[in-house]
Amino acid sequence: MTETTNDAPIYALRLRAKDLGVVILAVCCLLGGWALMQTTTTRTRRFQTDVAPLTFAYPAGWIATDMPENVLLRVADPGTVSAFKTTLTVESRLLDPTSLPTLQTLLDQRVAERQALPSYHFLADAEATVQGVRALRSEFAYVTQPIDAPRRAALPVVVHACEYIIVATDQTYYVTLVAPEGEYAAAIAQFERVIASMKVQ
């Protein structure tokens, strides 16, 4: 006499139920992590100053750095995976409203100023508008040595940059993003969101 048993199917069903629980838990963890990442990367801080009629939103996690003359804001992304940090700079210069320079003239001046950068290379330019205000968008690249101290070896970093030159009634704004080449694609997406949020009065 032979006996048959249904232990195998029942065991398999129990395993599937346990596996389903693990899968649900893993999916919940992944969704929670994605939601946290989205919240962290999309949080913004509003910039506004009495010095210039300009407002915009920039990533809340970026931290302020030293600000030379004429610079309204300079913030860096501390999460940049490089000794050279992705940086956003907003600079302003007064204009004579009775004799406004052309965008091409302003671009030529910026190119001349940057010729001193190591391995400077102009990449492209195109006309643009920022909230209805005329502007010029340009890209360039150069090489920098972020750690230049004795006995501290560090490779040079290729920097990819994008700049908007915005001409208002009596001021020119230079909004510049610089990022390590490997992180430029992600950084430029954030930068374009900053530009889209700008209001120039």
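Remember, it's a predicted structure, so these values are computed and weren't measured experimentally.
In the hydrophobic cluster analysis, where Ile, Leu, Val, Met, Phe, Trp and Tyr join through side-chain heavy atoms closer than 4.5 angstrom, Ile165 is grouped apart from Ile195. Residues Phe191 and Val158 are members of separate hydrophobic clusters, defined by side-chain heavy-atom contacts under 4.5 angstrom among Ile, Leu, Val, Met, Phe, Trp and Tyr. When hydrophobic clusters are built by joining Ile, Leu, Val, Met, Phe, Trp and Tyr residues whose side-chain heavy atoms come closer than 4.5 Å, directly or via intermediates, Val71 is not grouped with Leu73.
For the atom pair CD1 (Ile166) and CD (Gln171), the distance works out to 11.5 Å, reported to the nearest 0.5 Å. Taken from CG in Asp170 to OG in Ser92, the straight-line distance is 9.5 Å, to the nearest 0.5 Å.
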Exercise answer: donor-acceptor pairs, residues 49-67 side-chain atoms, under 3.5 Å, sequence neighbours excluded:
from, atom 1, to, atom 2, distance (Å)
Thr49, OG1, Val51, N, 3.1
Thr55, OG1, Arg46, NH2, 3.4
Thr65, OG1, Arg74, O, 3.4

Cut-off 3.5 Å, no hydrogens considered: what does the side-chain donor-acceptor table look like for residues 172-188, sequence neighbours left out?
from, atom 1, to, atom 2, distance (Å)
Thr176, OG1, Glu163, OE2, 2.6
Glu183, OE2, Val81, N, 2.6

Side-chain polar contacts of residues 94-104 - donor-acceptor pairs under 3.5 angstrom, sequence neighbours left out - could you list them?
from, atom 1, to, atom 2, distance (Å)
Asp96, OD1, Thr98, N, 3.0
Asp96, OD1, Thr98, OG1, 2.7
Asp96, OD2, Thr98, OG1, 3.1
Thr102, OG1, Thr105, N, 3.1
Thr102, OG1, Thr105, OG1, 2.8
Gln104, NE2, Asp108, OD1, 2.9

Show me the donor-acceptor pairs within less than 3.5 Å that the side chains of residues 122-139 make with the rest of the protein, sequence neighbours left out.
from, atom 1, to, atom 2, distance (Å)
Gln131, NE2, Ala196, O, 3.0
Arg137, NE, Tyr164, OH, 3.3
Arg137, NE, Glu192, OE2, 3.1
Arg137, NH1, Glu139, OE2, 2.9
Arg137, NH2, Glu192, OE2, 3.0
Glu139, OE1, His160, NE2, 2.8

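The side-chain hydrogen bond (donor to acceptor under 3.5 Å, both in side chains) check on Glu113 picks up Arg93, Arg110, with sequence neighbours excluded. Taking the side chain to side chain contact (heavy atoms under 4.5 Å, CB included) definition, one finds that Glu69 meets it with nothing, sequence neighbours left out.
Within the 4.5 Å cutoff, the side chain of Thr89 has heavy atoms near those of the Thr87 side chain.
With Lys85 contributing its side chain and Ala76 its backbone, the two residues share no donor-acceptor pair below 3.5 Å. Although no hydrogens or angles enter the test, the distance criterion places no donor-acceptor pair under 3.5 Å between the side chain of Thr86 and the main chain of Thr80.
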#### Entry: Chi angles and distances behind the side chain to side chain contact (heavy atoms under 4.5 Å, CB included) call for Val167, Leu106
CA-CA 9 Å; Val167 179; Leu106 293 172; 3.5 Å; yes

### Task
Evaluate side chain to side chain contact (heavy atoms under 4.5 Å, CB included) for Val159 paired with Phe84, printing each intermediate quantity in order.
CA-CA 9 Å; Val159 177; Phe84 181 90; 3.9 Å; yes

### Task
Check the pair Phe140, His121 against side chain to side chain contact (heavy atoms under 4.5 Å, CB included), reporting the backbone distance first and the verdict last.
CA-CA 6 Å; Phe140 58 95; His121 187 69; over 6 Å; no

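Across all non-hydrogen atoms, the minimal contact from Val194 to Ser197 is O-OG, 2.7 Å.
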